[in-house]
Amino acid sequence: MSTALEQSSPTASLPKLHGGKRVAIVKTLWNAAVTDALCAGAAGLLAKEGVEYEIFEVPGAVELTFAAARLSAKFDAVIVLGCVIRGGTPHFDYVCQSVTQGITELNTRGAVPVIFGVLTVDCLQDALDRAGGTLGNKGTEAAEAAIHMIYFADNNIHTK
């Protein structure tokens, strides 16, 4: 997912999922004004597409990996939503690296897609612009990615 210049999503239509697919949405409590908006975008799109979802909360971005690992056994995809705002210390870099590596590892080892919906921004306005503001809603885009990846997993898994 990246900021689209001319459109807010990668496709005009989403694949139809069959069989009662379920998605976990995990959002952080830090920067709740942003993560609540991201969550609303994701939940709205999933509801519109008829995909069941359940929302979970964790304190911060580092905890997203643990939650996603636990939930992946019970859902067809997990969306993680967070917002890390750069400050004056290296803490931003450590948090971003931790959550990025954790979610990447889950995706390489896991049985279900874990969708990275964590905003890593320089200031609060950058986050608000991407959480329903002038640059769309990255939560909605994360839900689109989840639907595409569930479809991909259902149609492209081959055993060797």
Side-chain angles (χ1 to χ4, degrees), residues 1-17 21-65 67-68 71 75-107 112-153:
M1 292 181 337
S2 63
T3 300
L5 297 178
E6 294 185 25
Q7 62 185 26
S8 63
S9 66
T11 61
S13 63
L14 294 169
K16 290 295 176 198
L17 302 178
K21 301 301 183 186
R22 297 179 64 229
V23 174
I25 302 171
V26 186
K27 70 181 191 79
T28 63
L29 295 172
W30 278 103
N31 298 310
V34 175
T35 61
D36 288 348
L38 294 171
C39 187
L45 181 85
L46 293 172
K48 177 183 162 200
E49 294 297 320
V51 178
E52 291 182 45
Y53 65 90
E54 193 168 340
I55 298 169
F56 301 88
E57 295 178 333
V58 297
V62 172
E63 292 78 29
L64 288 168
T65 300
L71 294 168
F75 291 87
D76 298 291
V78 178
I79 299 170
V80 296
L81 301 173
C83 176
V84 186
I85 301 173
R86 187 180 305 277
T89 69
H91 182 72
F92 172 88
D93 298 317
Y94 302 141
V95 171
C96 294
Q97 183 178 23
S98 174
V99 68
T100 301
Q101 287 179 343
I103 299 306
T104 298
E105 184 172 337
L106 290 177
N107 275 312
V112 302
V114 180
I115 307 302
F116 189 86
V118 179
L119 300 180
T120 56
V121 295
D122 288 325
C123 65
L124 178 59
Q125 188 60 53
D126 287 347
L128 295 172
D129 289 346
R130 291 160 176 80
T134 59
L135 296 174
N137 190 313
K138 299 304 177 183
T140 304
E141 291 180 23
E144 291 176 352
I147 290 170
H148 280 287
M149 292 308 295
I150 291 169
Y151 183 84
F152 177 85

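Being a predicted model, the structure only gives us computed values, none of them experimental.
For the salt bridge (charged side-chain N to carboxylate O under 4.0 Å, His left out) test, residues two or more places apart in sequence or in another chain that qualify with Glu49 are Lys16. For Asp129, the side chain to side chain donor-acceptor pair (under 3.5 Å) test picks out Gln125, with sequence neighbours left out.
The backbone N or O of Gly102 sits nowhere less than 3.5 Å from a side-chain atom of Glu105 that would complete a donor-acceptor pair. For Asn107 (side chain) and Pro113 (main-chain N/O), no donor-acceptor pair under 3.5 Å exists by modelled atom type.
When every heavy atom of Ala61 is checked against every heavy atom of Val84, the shortest pair comes out as CB-CG2, 3.8 Å. Counting all heavy atoms, side chain and backbone alike, Ile103 lies closest to Ala68 at CD1-CB, 4.4 Å.
Residue Lys21 holds its NZ atom at 7.0 Å from CD1 of Ile150, rounded to the nearest 0.5 Å. Here Leu81 contributes atom CG and Leu64 contributes atom CG; the two are 8.0 Å apart, rounded to the nearest 0.5 Å. With rounding to the nearest 0.5 Å, the separation of CE in Met149 from CD1 in Ile79 is 12.5 Å. The SG atom of Cys96 lies 11.5 Å from the CD atom of Gln101; values are rounded to the nearest 0.5 Å. For the atom pair CD1 of Ile115 and NZ of Lys138, the computed distance is 14.5 Å after rounding to the nearest 0.5 Å.
Screening residues 81-98 for side chain to side chain donor-acceptor pair (under 3.5 Å) gives Arg86-Asp122 as the qualifying pairs, with residues at least two apart or on separate chains.
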Could you walk me through whether Phe92 and Thr120 pass the side-chain contact (heavy atoms from CB on, under 4.5 Å) test, one step at a time? CA-CA 8 Å; Phe92 172 88; Thr120 56; 4.0 Å; yes

Would you give me the side-chain donor-acceptor pairs under 3.5 Å for residues 23-48, sequence neighbours excluded?
{"from": "Lys27", "atom 1": "NZ", "to": "Asp36", "atom 2": "OD1", "distance (Å)": "2.5"}
{"from": "Lys27", "atom 1": "NZ", "to": "Glu57", "atom 2": "OE2", "distance (Å)": "3.1"}
{"from": "Thr28", "atom 1": "OG1", "to": "Trp30", "atom 2": "O", "distance (Å)": "3.2"}
{"from": "Asn31", "atom 1": "ND2", "to": "Cys83", "atom 2": "O", "distance (Å)": "2.7"}
{"from": "Thr35", "atom 1": "OG1", "to": "Thr28", "atom 2": "O", "distance (Å)": "2.8"}

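Within 6.0 Å of atom OH in Tyr151, 12 or fewer heavy atoms from other residues, nucleotides or ligands are found, so the atom counts as exposed in its surroundings.
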